[in-house]
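Have a look at the structure below, then the notes.
As the structure is a prediction and not an experimental result, all values here were calculated from the model. Naming convention: chains lettered A, B, ... in sequence-line order (proteins, then strands); numbering from 1 in each chain.
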There are 2 protein chains.
Amino acid sequence: MAGQSRDNSQYTTDVTRKSEDTIDFEIIELLFFAYRDFTGDPDAILEKSGFGRAHHRVVHFVNREPGMTVADLLDTLKITKQSLARVLKQLIDSGYIRQVTGPEDRRQRMLYTTKEGQALARALAEPQSRRIADALAKTGPGAREIVKRFLVNMKNSAAD
Amino acid sequence: MAGQSRDNSQYTTDVTRKSEDTIDFEIIELLFFAYRDFTGDPDAILEKSGFGRAHHRVVHFVNREPGMTVADLLDTLKITKQSLARVLKQLIDSGYIRQVTGPEDRRQRMLYTTKEGQALARALAEPQSRRIADALAKTGPGAREIVKRFLVNMKNSAAD
DNA sequence: GAGGATATGTCAGCTTTGTTGACACAATTC
DNA sequence: GAATTGTGTCAACAAAGCTGACATATCCTC
């Protein structure tokens with residue numbers, strides 16, 4: 001499988017011909033390692049709280065968009081309401097998130113982080129943010145804008 | 001909790017002072033969305049094979065480094081051997097991966113993808129590679145090198 | 001050659017976090 | 001008044017991680 005000694009000397013920079021043979025295993029792999037270690041950062045804090053990564057995501061998004069409804073959160077996380085209910089209930093019972101009946105539509109539950117929830121969200125984000133800042137600094141000036149655009153282009157545009 | 005009307009007007013653009021107040025929520029979030037949709041790509045293929053993401057990772061890495069041992073794979077994936085055993089056994093029984101007794105150390109099992117395993121690895125990587133290529137193209141020239149360096153800097157350097 | 005260390009496999013049970021299906025209830029809308 | 005919508009909840013199940021314990025074969029050391 002390694003005998004590709006054709007006359008294509010430096011084809012690696014040619015991205016236009018993305019045939020069957022040119023699969024970007026390198027970036028695929030780097031994404032795996034980067035994300036694995038990135039999500040590993042908050043684990044120590046989560047263990048102390050007795051929470052998992054599912055709780056992390058909920059606290060993060062509610063903190064980022066205060067007043068979002070349960071339906072909003074389900075749409076963001078792309079999980080079922082039964083999955084969400086489990087972790088959300090624990091976070092409410094533990095005093096990290098509170099619910100407010102929707103002012104217009106009283107069926108809705110607007111979600112807010114408490115002071116403790118904000119502190120938790122910040123504590124969890126801190127090592128991740130530091131890792132990102134360090135990586136961007138090492139990568140060079142202008143890296144943030146490029147990386148940001150790349151990540152935006154990587155996610156699905158439509159159903160968000 | 002929201003009454004922070006001090007005299008700090010425009011501190012948001014100042015990135016040099018990475019104090020408690022400047023957390024990069026934006027990139028954190030983008031990483032989540034990008035990775036979520038990136039890993040969602042192979043799901044359709046995996047479902048047809050009856051495999052999950054754990055199988056995907058195993059096939060990918062064995063395909064990338066033929067002849068790697070079980071210990072190598074455990075170190076790469078950072079999971080326990082009991083977790084690996086489950087999916088590895090299924091992949092061997094299904095004929096996607098085969099084991100060869102180590103030529104020097106006969107306790108070792110060198111892992112190789114079969115022809116079917118290679119085809120599976122390629123099929124799973126293809127949509128992910130396409131997504132990456134599209135995202136890089138949209139981001140602009142030179143993006144690949146910057147993104148690659150960023151990802152390398154994001155992962156833990158030591159224990160790899 | 002005996003004994004300890006190493007590489008791998010396996011059994012059993014548990015946890016987290018996702019899933020489907022079904023149903024309840026209040027509030028809104030038609 | 002009837003249908004729809006937003007949310008909560010019960011029950012069962014699946015994927016994929018974990019710990020602990022133990023077996024076997026092989027290698028390495030004294």
Side-chain angles (χ1 to χ4, degrees), chain A residues 32 35-36 39-40 42-62 67-94 97-112, chain B residues 32 35-36 39-40 42-62 67-94 97-112:
Chain A
F32 168 73
Y35 197 76
R36 182 195 64 184
T39 55
D43 281 356
I45 299 159
L46 286 168
E47 205 164 7
K48 277 191 289 186
S49 320
F51 292 140
R53 286 181 190 170
H55 304 84
H56 181 182
R57 290 194 284 272
V58 170
V59 169
H60 170 88
F61 282 109
V62 171
M68 75 191 306
T69 66
V70 171
D72 292 336
L73 192 49
L74 287 175
D75 201 59
T76 300
L77 297 175
K78 300 271 205 295
I79 58 175
T80 58
K81 74 173 169 178
Q82 294 92 328
S83 281
L84 175 60
R86 199 158 27 199
V87 296
L88 184 54
K89 194 169 191 302
Q90 293 171 329
L91 286 168
I92 291 167
D93 291 350
S94 311
I97 285 181
R98 84 195 138 87
Q99 291 179 313
V100 176
T101 298
E104 316 221 323
D105 188 335
R106 290 170 46 81
R107 291 170 301 181
Q108 294 181 331
R109 297 286 174 270
M110 324 245 298
L111 302 172
Y112 296 91
Chain B
F32 168 73
Y35 197 76
R36 182 195 63 186
T39 54
D43 280 355
I45 300 159
L46 286 168
E47 202 164 9
K48 277 190 290 188
S49 320
F51 292 140
R53 286 179 190 172
H55 305 84
H56 180 182
R57 290 194 284 272
V58 170
V59 170
H60 169 88
F61 282 110
V62 172
M68 75 192 305
T69 66
V70 172
D72 291 337
L73 192 49
L74 287 174
D75 201 59
T76 300
L77 298 174
K78 300 271 204 298
I79 59 175
T80 59
K81 73 176 169 176
Q82 295 92 329
S83 283
L84 175 59
R86 198 158 30 198
V87 297
L88 184 55
K89 194 167 190 304
Q90 294 171 329
L91 287 167
I92 291 167
D93 291 350
S94 311
I97 284 181
R98 84 194 139 86
Q99 291 180 311
V100 175
T101 298
E104 316 221 322
D105 188 335
R106 290 170 46 80
R107 293 170 301 181
Q108 293 182 333
R109 298 286 174 269
M110 323 247 297
L111 303 172
Y112 295 91

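- Between the C1' atom of C:dT16 and the CD1 atom of B:Ile79 lies a distance of 16 Å, rounded to the nearest Å.
- Contacts of B:His56 with the nucleic acid, taken as non-hydrogen atoms under 4.0 Å apart, are absent.
- When each of A:Glu104 and B:Met110 is assigned the nucleotide of DNA chain C with its nearest heavy atom, B:Met110 is the one assigned upstream, toward the 5' end.
- Atom P of nucleotide D:dC18 and atom CZ of A:Arg53 are separated by 10 Å, given to the nearest angstrom.
- Side-chain contact between A:Tyr112 and A:Val100 is present, with heavy atoms from C-beta onward closer than 4.5 Å.
- In this structure, B:Arg106 places its CZ atom 14 Å from P of C:dG9, rounding to the nearest Å.
- For B:Leu84 and C:dG9, the CG to P distance is 8 Å, given to the nearest whole Å.
- Distance, A:Leu46 CG to C:dT16 P: 12 Å, rounded to whole Å.
- Distances shorter than 4.0 Å separate none of the side-chain N or O atoms of A:Thr80 from OP1 or OP2 on C:dG18.
- At the phosphate of C:dT17, neither OP1 nor OP2 sits under 4.0 Å from any side-chain N or O atom of A:Ser83.
- Side-chain atoms of B:Arg107 stay outside donor-acceptor range of the base of C:dT8, with no qualifying N/O pair under 3.5 Å.
- Between the side chain of A:Gln99 and the base of D:dG8, no donor-acceptor pair under 3.5 Å is found.
- Of all heavy-atom pairs between B:Met110 and B:Gly102, the closest is CG-CA, 3.8 Å.
- Remark: B:His55 is not in phosphate contact with D:dA15, judged by side-chain N or O atoms under 4.0 Å from OP1 or OP2.
- Separating the CG atom of B:Asp75 from the P atom of C:dA7 is a distance of 11 Å, rounded to the nearest angstrom.
- With hydrogens and angles left out, the side chain of B:Arg86 and the base of D:dG17 share a donor-acceptor pair within 3.5 Å.
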*Could you walk me through whether B:Val58 and B:Leu73 pass side-chain contact (heavy atoms from CB on, under 4.5 Å), step by step?*
CA-CA 8 Å; B:Val58 170; B:Leu73 192 49; 4.0 Å; yes
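- Closest heavy-atom contact between B:Gly52 and B:Leu46: O-CD2, 3.5 Å.
- If you check every strand for non-hydrogen atoms under 4.0 Å, A:Gln90 touches nothing.
- C:dT8 atom C1' lies 19 Å from atom CZ of B:Arg98, rounded to whole Å.
- For D:dG8, its base sits under 3.5 Å from the side chain of A:Lys81 at one donor and acceptor pair at least.
- To the nearest angstrom, C1' of D:dC18 lies 14 Å from CG of B:Leu74.
- Residue side chain B:Gln82 does not reach the base of C:dG13 through any donor-acceptor N/O pair under 3.5 Å, judged by distance alone.
- Two rings, from B:Tyr35 and A:Phe32, have their centers 6.0 Å or more apart.
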